[in-house]
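Heads up: the structure comes next, in structure tokens.
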Amino acid sequence: MTHDWCGWRDAAERALYGPGGFYTSGDGPGPAGHFRTSVHVSPRYAEALATLLCRVDVSLGRPAELALIDVGAGRGELLTGVLAALPEPVRARVRPYAVERAPRPAGLDDRVTWLPELPAPGSLTGLLFANEWLDNVPVDVAETDGDGVPRYVLVRPDGTERLGDPVTGADAAWLARWWPLPGADPGLRAEIGHPRDAAWARAVGTLRAGLAATADYAHTRDTRPPFGTLTGFREGREVLPVPDGTCDITAHVALDACAGPGAEHVTQRQALHALGVDGSRPPLSLASSDPAAYVRALGSAGAAAELTDPAGLGSFGWLLQPVGGGCTGLLTP
């Protein structure tokens with residue numbers, strides 16, 4: 001029935017990934033037509049990932065086959081950019097994988113293996129990267145009632161909400177540990193993140209050895225927003241989250257809850273600076289000696305500044321999880 005109530009996790013799963021869903025329809029421009037991620041800002045982002053992959057390669061002893069797994073690959077833009085930026089000796093050994101529920105786009109490099117699900121656990125060696133993937137892993141939403149009791153938020157396809165049963169079981173345990181809701185104030189909200197913890201653990205488990213890294217909208221236990229972050233995006237604008245398949249539905253990620261043993265948590269600004277993305281302006285003298293080069297360098301610096309802006313994309317969280325020993329300290333220049 002079209003007007004049944006259900007939790008946000010089920011509603012978002014259908015709206016994003018069900019038949020004709022926002023991510024699975026295969027029609028139109030894909031996510032890039034609705035929102036702008038770091039991948040779409042500048043080739044500098046893919047170049048930074050190429051640098052990270054090269055560092056992983058060295059840490060692994062330059063294996064004969066080096067996997068590059070892009071989780072939530074969209075239309076393959078990031079993989080395309082990374083492959084183009086790699087030095088030939090590395091590119092010749094790279095085996096790229098795109099993990100994406102949408103159909104394979106036309107014209108994608110034949111070397112890319114397109115998969116609807118993650119590869120088998122422990123099957124690959126290399127770098128797994130997920131850019132703005134976990135924020136689209138559907139989660140339930142809790143809200144405190146008039147007595148301060150956290151209850152599930154139920155929703156209909158038109159976005160209408162109401163409160164349901166009290167939160168119990170694994171959901172309640174996750175809230176108590178990672179996003180405790182004070183009992184005194186009604187109307188406080190939280191996104192229950194354990195499905196994302198499990199999704200990230202499964203992604204990390206794809207690797208036999210190497211590095212798993214993710215970049216996303218994020219917060220930590222001491223900075224949880226009191227009313228949650230659930231929202232929608234359509235045609236470049238933030239809109240109300242309506243689970244009818246016409247808009248993206250996203251919520252920021254509790255990356256500290258996802259982190260496994262030995263994980264490193266940094267901002268995107270810190271990560272990209274360590275990978276050589278610098279927003280410094282080129283010397284003015286270049287404008288006189290080589291005007292065209294100056295204009296190119298100025299544009300590159302502007303894109304780098306956007307990627308590392310501490311009030312914007314630079315504030316994103318990066319979580320880096322080494323697997324199988326080694327691949328630590330790779331953000332040290």
Side-chain angles (χ1 to χ4, degrees), residues 2 7-46 72-78 81 100-103 105 130-141 143 153 155-161 187 189-191 193 196 214-219 223-255 267-269 299 302-317:
T2 59
W8 266 107
R9 184 180 179 186
D10 289 341
E13 179 70 28
R14 287 197 298 268
L16 297 179
Y17 305 115
F22 182 79
Y23 282 105
T24 53
S25 67
D27 299 328
H34 295 273
F35 48 84
R36 192 165 179 253
T37 73
S38 297
V39 176
H40 309 117
V41 167
S42 166
R44 299 292 302 276
Y45 194 72
R75 296 295 189 265
E77 302 97 329
L78 181 58
E100 176 59 64
R101 297 199 206 183
N131 182 71
E132 295 192 38
W133 170 58
L134 286 174
D135 68 292
N136 286 129
V137 173
V139 293
D140 275 314
V141 178
E143 180 177 322
V153 176
V155 64
R156 294 195 305 192
D158 64 1
T160 305
E161 293 183 337
R189 288 171 69 119
E191 290 101 29
R196 292 170 172 179
T214 185
D216 224 317
Y217 299 93
H219 45 64
T223 61
R224 305 283 191 239
F227 303 107
T229 61
L230 188 73
T231 191
F233 284 95
R234 183 189 298 115
E235 298 177 353
R237 295 184 298 109
E238 187 171 358
V239 296
L240 291 175
V242 178
D244 61 1
T246 65
C247 69
D248 185 26
I249 297 172
T250 177
H252 294 198
V253 183
L255 278 183
T267 66
Q268 176 157 295
R269 179 181 177 86
E306 182 177 356
L307 287 170
T308 59
D309 181 0
L313 292 172
S315 67
F316 273 35

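Just so it is clear, the model here is predicted, and its values are computed rather than measured.
When all heavy atoms of R75 and A102 are compared, the pair lying nearest together is NH1-CB, 4.0 Å. Smallest separation of non-hydrogen atoms from G81 and A46: C-CB, 3.5 Å. The two residues F227 and G187 come nearest to each other via the heavy atoms CD2-O, 3.5 Å. Counting all heavy atoms, side chain and backbone alike, P310 lies closest to S315 at O-CB, 3.4 Å. C247 approaches V239 most closely through the heavy-atom pair CB-CG2, 4.2 Å. Nearest heavy atoms, E77 versus G74: OE1-C, 4.1 Å.
Qualifying side-chain hydrogen bond (donor to acceptor under 3.5 Å, both in side chains) partners for T160, counting only residues two or more places apart in sequence or in other chains: D158. Residues satisfying the side-chain hydrogen bond (donor to acceptor under 3.5 Å, both in side chains) test with R189, not counting sequence neighbours, are E143, E161. In terms of the ring pair (Phe, Tyr, Trp, His ring centres under 6.0 Å) criterion, Y45 has no residue partners (sequence neighbours excluded). For R224, the salt bridge (Lys or Arg N to Asp or Glu O under 4.0 Å) test picks out D256, with sequence neighbours left out. For the side chain to side chain contact (heavy atoms under 4.5 Å, CB included) test, residues two or more places apart in sequence or in another chain that qualify with A218 are L255. Evaluation of the side chain to side chain contact (heavy atoms under 4.5 Å, CB included) rule for R14 yields C6, D10 as partners, not counting sequence neighbours. D244 pairs by the side-chain hydrogen bond (donor to acceptor under 3.5 Å, both in side chains) definition with T246, not counting sequence neighbours. For the side-chain hydrogen bond (donor to acceptor under 3.5 Å, both in side chains) test, no residue two or more places apart in sequence or in another chain qualifies with T214. Remark: E238 engages T231, F233 in a side chain to side chain contact (heavy atoms under 4.5 Å, CB included) (not counting sequence neighbours). Take A251 and apply the side chain to side chain contact (heavy atoms under 4.5 Å, CB included) test, not counting sequence neighbours, and it matches E191, R196, T229, L230.
Put simply, CD on E100 and OG1 on T24 are 9.5 Å apart, with the number rounded to the nearest 0.5 Å. To the nearest 0.5 Å, atoms CG (L78) and NE2 (H40) are separated by 9.0 Å.
Checked by atom type and distance alone, the side chain of T308 pairs as donor or acceptor with a backbone atom of A304 at under 3.5 Å.
Inter-residue side-chain proximity for Q268 and S38 is flagged as met; some heavy-atom pair is nearer than 4.5 Å. Two residues are said to be in side-chain contact when any heavy atoms from C-beta on lie closer than 4.5 Å; D216 and E132 meet this criterion. No side-chain heavy atom of F22 sits under 4.5 Å from any side-chain heavy atom of I249. Using a 4.5 Å heavy-atom cutoff, the side chains of L134 and Y217 are not in contact.
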